[in-house]
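Structure, as structure tokens:
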Amino acid sequence: MAKTQLNVRVEESTAETARDRASRRGISVNRYIEELVQQDAGERGRTFVEAAADFMKSYESVFAEEFGSEHEGSR
């Protein structure tokens, strides 16, 4: 996968924390930041799926009334 450079400005204390955490894990600061972003993106995806599931459960009776129970066999 192609890499691109991303420059960010953070407080010195934040930079030190990132360096320390990366060092403790034995990885570069770049890799540490990349993993944090990937983790955040994954959590948002899970949050969306959970919210969609909650929505479907909340409106299950409305969908059943509108579309009938013909789809219940596909569960």
Side-chain angles (χ1 to χ4, degrees):
M1 180 180 292
K3 298 281 186 170
T4 188
Q5 185 171 337
L6 175 66
N7 296 312
V8 297
R9 293 181 187 273
V10 297
E11 296 289 331
E12 183 57 36
S13 61
T14 301
E16 283 300 319
T17 300
R19 289 183 197 109
D20 181 59
R21 299 277 174 108
S23 176
R24 288 179 188 207
R25 293 182 59 195
I27 59 176
S28 69
V29 173
N30 287 337
R31 181 66 191 150
Y32 177 69
I33 301 299
E34 187 174 16
E35 288 178 4
L36 288 176
V37 171
Q38 290 170 346
Q39 179 184 2
D40 183 53
E43 288 176 5
R44 288 184 179 171
R46 281 190 295 277
T47 299
F48 172 79
V49 170
E50 289 171 1
D54 287 345
F55 173 84
M56 292 300 290
K57 186 172 183 168
S58 295
Y59 290 93
E60 184 175 20
S61 62
V62 175
F63 285 103
E65 184 178 317
E66 179 68 24
F67 300 106
S69 59
E70 63 196 43
H71 298 290
E72 287 189 28
S74 63
R75 286 186 185 188

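Just so we're clear, the structure is a prediction, and the values are computed from it rather than from any experiment. Along the sequence shown, residues carry numbers from 1.
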- prompt: Between Glu16 and Arg19, does a salt bridge (Lys or Arg N to Asp or Glu O under 4.0 Å) hold up when you go through it step by step?
  reply: CA-CA 5 Å; Glu16 283 300 319; Arg19 289 183 197 109; 2.7 Å; yes
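Salt bridge annotation for Arg31-Glu34: present, with a cationic side-chain nitrogen under 4.0 angstrom from a carboxylate oxygen.
Val8 and Val37 fall into different hydrophobic clusters, where Ile, Leu, Val, Met, Phe, Trp and Tyr are joined by side-chain heavy atoms under 4.5 Å apart, directly or via other members. Leu6 and Val29 fall into different hydrophobic clusters, where Ile, Leu, Val, Met, Phe, Trp and Tyr residues are linked whenever their side-chain heavy atoms come under 4.5 Å apart, directly or through other members. Note on Val49 and Met56: separate hydrophobic clusters, where clusters join Ile, Leu, Val, Met, Phe, Trp and Tyr whose side-chain heavy atoms are under 4.5 Å apart, directly or indirectly.
Taking CD of Gln38 as the reference point, atom CD1 of Ile33 lies at 12.0 Å (rounded to 0.5 Å).
Applying the 6.0 Å contact sphere to CZ of Arg21 captures no more than 12 heavy atoms from other residues, nucleotides or ligands. For Glu12, the CD atom is densely surrounded, since the number of other residues' heavy atoms within 6.0 Å is greater than 12. Shown here is Glu11, whose CD atom has no more than 12 heavy atoms of other residues, nucleotides or ligands within 6.0 Å.
No side-chain heavy atom of Asn30 sits less than 4.5 Å from a side-chain heavy atom of Lys3.
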